[in-house]
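Here's the structure we're looking at; comments come further down.
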There are 2 protein chains.
Amino acid sequence: MEKEDALNALAALGQETRLDVFRLLVKAGKEGMTAGAISDDLSVRPNTLSTHLGVLSRSGLVQAERDGRSICYRASLEAMQGLVTYLLQDCCGGNPELCAPIVSLVAGGGCEPGGAC
Amino acid sequence: MEKEDALNALAALGQETRLDVFRLLVKAGKEGMTAGAISDDLSVRPNTLSTHLGVLSRSGLVQAERDGRSICYRASLEAMQGLVTYLLQDCCGGNPELCAPIVSLVAGGGCEPGGAC
DNA sequence: TCCATATTTCGAGAATACTCGAAATAACGA
DNA sequence: TCGTTATTTCGAGTATTCTCGAAATATGGA
């Protein structure tokens with residue numbers, strides 16, 4: 001991931017409504033959610049939401065797919081992975097020995113399949 | 001890490017100068033850098049930099065310590081760890097099976113001590 | 001105490017971001 | 001084709017952010 005991509009992703013997530021949208025989509029998983037469903041869920045007006053969804057889409061953090069009259073949005077786990085990797089690469093670059101605790105925390109306590117994370 | 005903390009951290013990193021500062025401090029490691037050194041390195045005016053350092057400090061991503069006439073700034077790996085964990089927790093929450101590739105990538109290819117990451 | 005260095009705070013101007021109502025576009029079914 | 005639903009685009013108003021010069025604060029040394 002290039003610096004500009006990371007910058008766009010971070011800026012996109014650094015706004016409350018968009019962070020809410022992204023987390024909601026992550027929770028929704030691969031089925032995703034329509035713009036209308038997100039709008040209802042978060043009580044954000046459709047046109048305002050559409051602007052935010054555009055920012056998230058352009059940053060690559062979410063992907064849009066039309067399904068009939070609705071448009072389905074999904075969180076891009078690949079983009080998320082890229083962002084986290086970018087941040088951790090920065091971390092490791094100068095201080096490999098300081099990075100270990102982060103990795104072990106993520107790898108050890110994070111995500112057992114089916115676990116409560 | 002609470003949502004508001006994550007939001008502040010993401011917003012802080014979602015600005016080019018501040019991302020540059022943060023990456024520079026990560027590279028600098030535990031020795032940190034003085035405000036003046038950062039200013040010289042990035043060619044940012046001292047007063048402008050001071051504003052950005054304030055944002056980063058308030059977000060918890062960097063810590064300041066006075067050393068004589070200078071003030072030394074250091075990246076907080078703990079805050080970084082908290083942010084990454086927060087993002088990955090979101091990831092795992094609804095889709096533990098999708099999270100595995102991220103974790104394995106980070107844990108496997110990320111950071112061998114002394115390695116090139 | 002006085003001066004030089006290092007950094008921050010203040011105040012203002014310009015640029016950017018956020019939100020909204022209204023109107024436009026796209027898709028489906030009668 | 002026409003009407004309905006779903007979403008986006010447009011334009012404007014407000015708020016926030018970014019940057020800067022100037023002034024203030026803090027520290028150390030002569």
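Protein chains get the first letters and strands the later ones, always in sequence-line order, with residue 1 at the start of each. Bear in mind that the values here come from a model prediction, so they are computed numbers and not experimental data.
- For A:Arg69 against D:dT4, a side-chain-to-base donor-acceptor contact under 3.5 Å is present.
- Mapping B:Gly36 and A:Ala11 onto DNA chain C by nearest heavy atom places B:Gly36 closer to the 5' end of the strand.
- Rounded to whole angstrom, the span from the CZ atom of A:Arg58 across to the C1' atom of D:dT8 amounts to 12 Å.
- Looking only at side-chain heavy atoms (C-beta outward), B:Asn8 and B:Val55 stay at 4.5 Å or farther from each other.
- In this structure, the nucleotide among D:dC20, C:dT19, D:dC18 sitting nearest to the side chain of B:Arg45 is D:dC20.
- Between the P atom of C:dA17 and the CG atom of A:Leu7 lies a distance of 11 Å, rounded to the nearest Å.
- Counting heavy atoms from C-beta outward, A:Glu65 and A:Ile71 have side chains that stay 4.5 Å or more apart.
- For the pair B:Leu53 CG and D:dC18 P, the interatomic distance rounds to 13 Å; values are reported in whole Å.
- The nucleotide whose nearest atom lies closest to any side-chain atom of B:Thr48 is, among C:dT7, C:dG21, D:dT19, D:dT19.
- Contact between the side-chain N/O atoms of B:His52 and the OP1/OP2 oxygens of D:dT19 is found at a separation under 4.0 Å.
- Look at CD on B:Glu65: it is 13 Å from P on D:dT27, rounded to the nearest Å.
- Contact annotation: B:Ser70 reaches the phosphate of C:dT7 (side-chain N/O to OP1 or OP2, under 4.0 Å).
- At least one side-chain heavy atom of B:Tyr86 sits less than 4.5 Å from a side-chain heavy atom of A:Arg23.
- To the nearest angstrom, C1' of D:dA6 lies 15 Å from CE of A:Met33.
- Using a 4.0 Å heavy-atom distance criterion, A:Ser39 is classed as making no nucleic acid contact.
- Under 4.0 angstrom from either OP1 or OP2 of D:dC18 there lies no side-chain N or O belonging to B:Thr17.
- The CE atom of B:Met33 lies 7.0 Å from the CG atom of B:Leu42; values are rounded to the nearest 0.5 Å.
- Atom CG of A:Leu56 and atom C1' of D:dT8 are 15 Å apart (whole Å).
- In terms of position along DNA chain C, the nucleotide closest to A:Asn47 lies nearer the 5' end than the nucleotide closest to the other residue of the pair A:Gly68 and A:Asn47.
- Residue B:Arg66 places no side-chain N or O under 4.0 Å from the OP1 or OP2 atom of D:dA26.
- What separates CG of B:Asp40 from C1' of C:dT5 is a distance of 13 Å, to the nearest Å.
- B:Ile71 places its CD1 atom 9 Å from the P atom of D:dT27, with the value rounded to the nearest Å.
- Of the side-chain N and O atoms in A:Tyr73, none sit less than 4.0 angstrom from OP1 or OP2 of D:dA6.
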Worked check of salt bridge (charged side-chain N to carboxylate O under 4.0 Å, His left out) between A:Glu31 and A:Arg74: CA-CA 7 Å; A:Glu31 293 189 5; A:Arg74 292 181 184 83; over 6 Å; no

